[in-house]
Colleague: 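Supplied in structure tokens, the structure appears directly below.
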Amino acid sequence: MNPYKPFPARITDISIESEDATLKSFKIELENKEEWQKWSHIPGQFAMLSIAGKGEIPIGIASSPTERDGLLFTVNKAGVVTTALHNMDVGSPIGVRGPLGNGFPVDTELKGKNIVIIAGGFAFTTLRATLIYLIENRKDYGNITVIYGARTPGMLLYKEELQKWQKRDDLEVHITVDREAPGWEGLVGFVPTIAGQVAPQPENSVALICGPPIMIKFTMPPLEEIGWKDEQVYLSLENRMKCGLGVCGHCNCGPIYVCKDGPVFTRAEVQKLPIEF
Ligand SMILES: Cc1cc2nc3c(=O)[nH]c(=O)nc-3n(C[C@H](O)[C@H](O)[C@H](O)COP(=O)(O)OP(=O)(O)OC[C@H]3O[C@@H](n4cnc5c(N)ncnc54)[C@H](O)[C@@H]3O)c2cc1C
Ligand code: FES
């Protein structure tokens with residue numbers, strides 16, 4: 001199989017996630033049903049989405065491999081390709097190349113551990129995939145804590161699912177927004193502050209953190225204060241990419257290619273890279 005050749009696919013559903021419509025989720029089905037039956041991915045992996053005449057971009061897979069009604073991608077309208085995607089309709093053709101990258105080690109290192117998911121803004125996408133997978137295989141993991149924040153209530157992703165997760169007694173879910181807002185009765189405060197208040201002890205635990213670099217930077221000190229180590233913290237990097245296969249060098253960072261060796265790394269691994277994160 002040619003790894004540069006995308007699977008022909010089609011958009012089957014579009015939902016507007018944010019109040020300003022800059023965040024939309026796209027459900028996508030591969031045209032070839034046999035290819036779709038063979039498709040499997042690890043939460044945290046990404047795919048290259050291509051739009052004819054516009055280009056190809058890396059986007060994290062927001063659906064869990066256990067969801068078999070299509071692939072979900074949640075996309076922020078940023079520039080040329082993402083704007084073209086936002087302008088597409090249900091039924092529009094699209095190319096999908098993947099799954100690519102390593103993903104979170106859900107079936108190895110994470111098994112039997114307490115898991116803390118910490119997310120800010122639209123970086124929650126691959127952590128949604130991870131959370132759904134953990135819930136589907138609930139008995140394989142210890143306590144699961146979710147700390148997720150957005151600027152405003154209207155910018156939170158997957159609002160209906162958040163409500164369902166908050167009602168479950170086998171999850172501890174803390175949703176926060178940056179500032180008070182009319183009608184919002186939940187937590188108010190930045191993700192790092194809330195993480196400092198509710199993060200569990202580090203024994204037999206791992207944290208999966210996705211968000212803007214500034215959020216990650218300020219989330220670490222409160223975790224370190226209660227004993228969390230860099231080896232217990234997984235991050236997902238978002239370098240510029242072209243091939244997604246470790247060939248072109250676009251995502252190269254010292255000794256590693258983020259597309260092939262990542263995008264998921266422990267913070268201990270990231271600390272050794274020649275980048276400031
Ligand atoms: C592994 C990975 C997973 C990603 N997952 C998601 C996701 O789930 N949802 C999502 O919305 N986006 C995701 N991104 C970012 C997404 O790939 C970029 O926003 C996209 O490539 C921009 O393409 P464009 O043609 O619309 O923008 P362009 O026209 O190329 O650029 C528009 C603006 O976006 C900035 N930009 C371009 N590429 C990146 C990048 N890689 N990171 C940050 N800023 C960038 C440019 O500097 C410019 O300011 C991911 C990136 C990586 C590497
Ligand atoms: S994107 Fe080409 S080497 Fe990583």
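Read the numbers this way: they start at 1 and go in the same order the structure lists the ligands and their atoms.
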Colleague: Are L162 and L156 close enough that some pair of their side-chain heavy atoms sits under 4.5 Å apart?
Modeller: yes
Colleague: Name the closest protein heavy atom to atom 25 (O) of ligand 1, giving the residue it belongs to and the distance to 0.1 Å.
Modeller: V81 N, 2.9 Å
Colleague: Does the protein put any heavy atom within less than 4.0 Å of atom 43 (C) of ligand 1?
Modeller: no
Colleague: Please determine whether residues V247 and L237 belong to a single hydrophobic cluster, defined as Ile, Leu, Val, Met, Phe, Trp and Tyr linked transitively by side-chain heavy-atom distances below 4.5 Å.
Modeller: yes
Colleague: Taking 4.0 angstrom as the limit and counting only heavy atoms of T82, give me the atoms of ligand 1 inside it, by number and element.
Modeller: 24 (P), 26 (O)
Colleague: Among all protein heavy atoms, pick the one closest to atom 48 (C) of ligand 1 and tell me residue, atom and distance.
Modeller: R240 NH2, 4.7 Å
Colleague: Mind listing the side-chain donor-acceptor pairs of residues 8-24 below 3.5 Å, one per line with the distance, residues two or more places apart or on another chain?
Modeller:
from: R10; atom 1: NE; to: E31; atom 2: OE2; distance (Å): 2.7
from: R10; atom 1: NH1; to: G91; atom 2: O; distance (Å): 2.5
from: R10; atom 1: NH2; to: E31; atom 2: OE2; distance (Å): 3.0
from: T12; atom 1: OG1; to: K27; atom 2: O; distance (Å): 3.3
from: E17; atom 1: OE1; to: Y158; atom 2: N; distance (Å): 2.9
from: E17; atom 1: OE2; to: S25; atom 2: OG; distance (Å): 2.6
from: S18; atom 1: OG; to: D20; atom 2: OD1; distance (Å): 2.7
from: S18; atom 1: OG; to: A21; atom 2: N; distance (Å): 3.4
from: S18; atom 1: OG; to: T22; atom 2: N; distance (Å): 3.2
from: S18; atom 1: OG; to: L23; atom 2: N; distance (Å): 3.0
from: E19; atom 1: OE2; to: T152; atom 2: OG1; distance (Å): 3.0
from: D20; atom 1: OD1; to: T22; atom 2: N; distance (Å): 3.1
from: D20; atom 1: OD1; to: T22; atom 2: OG1; distance (Å): 2.7
from: D20; atom 1: OD2; to: T22; atom 2: OG1; distance (Å): 3.1
from: K24; atom 1: NZ; to: H86; atom 2: O; distance (Å): 2.9

Colleague: With ring centroids as reference points, do F26 and F73 lie under 6.0 angstrom apart?
Modeller: no
Colleague: Do me a favour and list the nearest non-hydrogen protein atom to atom 53 (C) of ligand 1 with residue, atom name and distance?
Modeller: N239 O, 3.0 Å
Colleague: Tell me whether K5 at atom NZ has more than 12 heavy atoms from other residues, nucleotides or ligands lying less than 6.0 Å away.
Modeller: no
Colleague: Tell me how many protein N, O or S atoms are closer than 2.8 Å to atom 4 (Fe) of ligand 2.
Modeller: 2
Colleague: Mind checking whether T125 contacts ligand 1 via backbone (N, CA, C, O), side chain (CB onward), both or neither, at a 4.0 Å heavy-atom cut-off?
Modeller: side chain
Colleague: Atoms of ligand 1 less than 4.0 Å from M241 heavy atoms?
Modeller: 1 (C), 53 (C)
Colleague: Anything under 30° is parallel, anything over 60° is perpendicular, the rest tilted; go ahead and classify W36 against W39.
Modeller: tilted
Colleague: In the protein, what heavy atom is nearest to atom 31 (O) of ligand 1, and what distance, to one decimal place, separates them?
Modeller: G79 CA, 4.2 Å
Colleague: Under a 4.0 angstrom heavy-atom cut-off, which atoms of ligand 1 come close to I57?
Modeller: 20 (C), 21 (O), 23 (O)
Colleague: Where does L23 meet ligand 1, judged by heavy-atom distances below 4.0 Å: at the side chain, the backbone, both, or neither?
Modeller: neither
Colleague: So which bit of T74 gets within less than 4.0 Å of ligand 1, heavy atoms only: side chain, backbone, both or neither?
Modeller: backbone
